Number of protein chains: 2
Amino acid sequence: MRVVHDVAMELRQLNSFVVVAEELNVGRAAVRLHLTQPSLSRQIAALEHDLGVELFARVKRRFVLTAAGEAFLVDAKELLRRADEAVRTAQRTHRGELGTLRLRFVQSATFEALPRLLGTFRAAYPEVVLDLETMTTLRQTDALRDGRIDVGLLRLPAAEPGLSSRVVSHDPLVVALPAGHRLAKRKRIGLAELAEETFVLYTRATGPSVHDAIVGYCRAAGFVPRIVQEGADVQTIVALVAAGLGVSLLIAPTPPIDPEAVVYRKLSDNLPPWQLSVAWSPDNSSPVLERFLQLV
Amino acid sequence: MRVVHDVAMELRQLNSFVVVAEELNVGRAAVRLHLTQPSLSRQIAALEHDLGVELFARVKRRFVLTAAGEAFLVDAKELLRRADEAVRTAQRTHRGELGTLRLRFVQSATFEALPRLLGTFRAAYPEVVLDLETMTTLRQTDALRDGRIDVGLLRLPAAEPGLSSRVVSHDPLVVALPAGHRLAKRKRIGLAELAEETFVLYTRATGPSVHDAIVGYCRAAGFVPRIVQEGADVQTIVALVAAGLGVSLLIAPTPPIDPEAVVYRKLSDNLPPWQLSVAWSPDNSSPVLERFLQLV
DNA sequence: GCCACATCATGCACCACACGCATCAACTCT
DNA sequence: AGAGTTGATGCGTGTGGTGCATGATGTGGC
């Protein structure tokens, strides 16, 4: 016994009914339905029997819709339309043309990689809903493994266990200096030249690898950086540099800012570039994710 | 080939899909559907094949809805709900509990018969839409024969060919006099006493039978009424009587009015009462009409 | 007014398809 | 590692939907 509805009515019968109601002639309707007249005649009779309702009045061997038939015709058409719609929705969702992509990204991705990737994706799949938010690398990897998000734009120093990933850009470290700084006129700056400076750095809490790597580079250059302040996000760090609290080492691309306040300079040291990666769970079979990865 | 939708999907499959999606276990779902597990398993496979979409991800012998499955589940539930609704609507329409009753009535019915009949009907069938309008007897009979209306409240002197009817009230003629009239103090008035009066009567255009009958009664009483004015509706006629243009003969019930302006008096003559009838077409098989006639 | 035609219903034979039973395959849990 | 759970598949069977032939009934033409 059916749980939701308990009538043996089927979509095939509804379709037959609609065609007969439109033609008001069983023979012609049968032709349209690629059936024989007797078969269709019985189909309608069965539908009426199932409903317990006469849909047509057989007056003088002619079909006329009854009041109940009129009412049912409207509903039947609507049902068939919606059934068709439901099928197409399922198929488009299957193809990844409909659905939601839950994307998270580190803040430094917002300046270049994110708009580039989203621009391409949105042009190809305009009907996919984008669920976007910034999130640190650490929390992204957790969320990816738990299936709470589909894809992350993050800073992976190496392959992450349990996740697939692909590098989308190599970003160098740059020096951020207050505009009036003694080194501000130079094109390139050696890391060792910053030995006596005070530093404003990314806080360890959000992404320990960035913080630790920068400190490591400084040690390799022969000094321990004097960190006077940490900032949770790039905008804050740049503001602190502009305020003259110190210099900073940032991952490019950097936020646009007034060159009268802060300047960015390349490092002459040959440090390995920082990788920005797209990461996802190999268990996640979301069609939308597949489409996104095809375009990366 | 189907005209509206061309997928072999059926409601039975949708129902099975919904139950499986709810249980996420084919065996338990099969129990709920009174089927065996293999049968249900094949039904789902057939549905997926028809749609060309995997609705479930078979991961480790366990069922999980895919993104397309999630989307389809919502639509499938909605479709089943609406299918059920459509069936109930058709059945209720068949029983005359839903639908429209197109009722027309002569103006004199509005004072008593109409509110009485409508009150009873509306209490019994509150969901039937009432299509109400005043209409003269002549136009009602035409409209009934053409099927433009379902039922009429009208003045039939005799059985109307092609229509069924039933008398619902017998209404006497009454005299309407200006309040200051010489006969206004009398309880009853003989028709012959009005021989010298001037008359305001129903116009022949709207209902010739009423006009002609009144003139006939006057002739039988020995005089030809001097008609100084005709009025299309009762309200107008009463206003003209109040203005002192003449007296009038009206069919009861009469509109309530200020007794300082106009008074109604019974006739002492033994004139046959005027009949108010309900009329309908015997060809009209509207279930709502049937219900209405049951209550008359 | 009678006969050919149109139209819906019904009897009958047939076959596809959905079903149940038995079993296989693969994963889980102890 | 073995028992249990769970979904898929092979196979035989019966029901139900189908086509063909025909009946019943109303319509229109000459």
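All chains are named by letter (A, B, ...) in the order of the sequence lines, taking the proteins before the strands, and each is independently numbered beginning at 1. The structure displayed is predicted, hence computed values, not measured ones.
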Checklist outcome for this item: Expected string for nucleotides 12-17 of chain C under the B/S/- scheme (protein heavy atoms, under 4.0 Å, primed atoms plus P, OP1, OP2 as sugar-phosphate) is B-----
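Side-chain N/O atoms of B:Arg104 and B:Thr136 include no donor and acceptor closer than 3.5 Å.
If you measure from atom CG of A:Leu47 to atom P of D:dG17, you get 12 Å, rounded to the nearest angstrom. Rounded to whole Å, atom C1' of D:dT6 lies 10 Å from atom CZ of B:Phe63. One can place CG of A:Asn25 at 14 Å from C1' of D:dT27, the figure rounded to the nearest angstrom. Protein atom CD1 of B:Ile44 is 14 Å distant from nucleotide atom C1' of C:dA18, rounded to whole Å. Distance A:Glu10 CD to C:dA18 P: 10 Å, rounded to the nearest Å. Here D:dT6 presents its C1' atom at 14 Å from CD of B:Glu23, a figure rounded to the nearest Å. Residue B:Leu33 contributes atom CG, which lies 15 Å from atom P of C:dA18 at whole-angstrom precision. Here the C1' atom of nucleotide D:dT9 and the NE2 atom of B:His49 are 16 Å apart, to the nearest Å.
Nucleic acid contact for B:Gln37: base, since at least one base atom lies under 4.0 Å from a heavy atom of the residue.
Phosphate contact (OP1/OP2 of D:dT18, side-chain N/O of A:Gln43, threshold under 4.0 Å): present. Between A:Ser39 and D:dG17, a side-chain N or O to OP1/OP2 separation shorter than 4.0 Å is absent.
For the helix from C:dG1-D:dC30 to C:dT30-D:dA1, the axis fitted to the five pairs at one end and the axis fitted to the five pairs at the other end meet at an angle of 30° (nearest 10 degrees).
Looking at residues two or more places apart in sequence or on another chain, you find a side chain to side chain contact (heavy atoms under 4.5 Å, CB included) between A:Glu70 and A:Leu65. Here B:Glu23 pairs with B:Arg28, B:Arg32 under the salt bridge (charged side-chain N to carboxylate O under 4.0 Å, His left out) rule; sequence neighbours left out.
A salt bridge (Lys or Arg N to Asp or Glu O under 4.0 Å) check over residues 283-296 of chain A, counting only residues at least two apart or in different chains, returns nothing. The list of side chain to side chain donor-acceptor pair (under 3.5 Å) pairs with a residue in residues 35-44 of chain B, not counting sequence neighbours, reads B:Ser16-B:Gln43.
With hydrogens and angles ignored, the 3.5 Å screen pairs a side-chain donor or acceptor of B:Glu10 with a backbone N or O of A:Leu11.
Comparing D:dT6, D:dG17, D:dA8 against the side chain of B:Ser41 picks out D:dA8 as the nearest. Set against C:dC21, C:dT7, D:dA8, the side chain of B:Thr36 has C:dC21 as its closest nucleotide. Counting only heavy atoms from C-beta on, B:Leu35 has its side chain closest to C:dG20 among D:dT6, D:dA8, C:dG20.
Between A:Phe17 and A:Phe56, the ring centre distance stays below 6.0 Å.
When all heavy atoms are compared, the tightest approach of B:Thr66 to B:Ala57 is CG2-N, 3.6 Å.
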Checklist entry - Which is it for B:Arg116 and B:Ser169 under the side chain to side chain donor-acceptor pair (under 3.5 Å) test, yes or no, and what are the steps along the way? => result CA-CA 11 Å; B:Arg116 188 181 72 231; B:Ser169 73; 5.6 Å; no
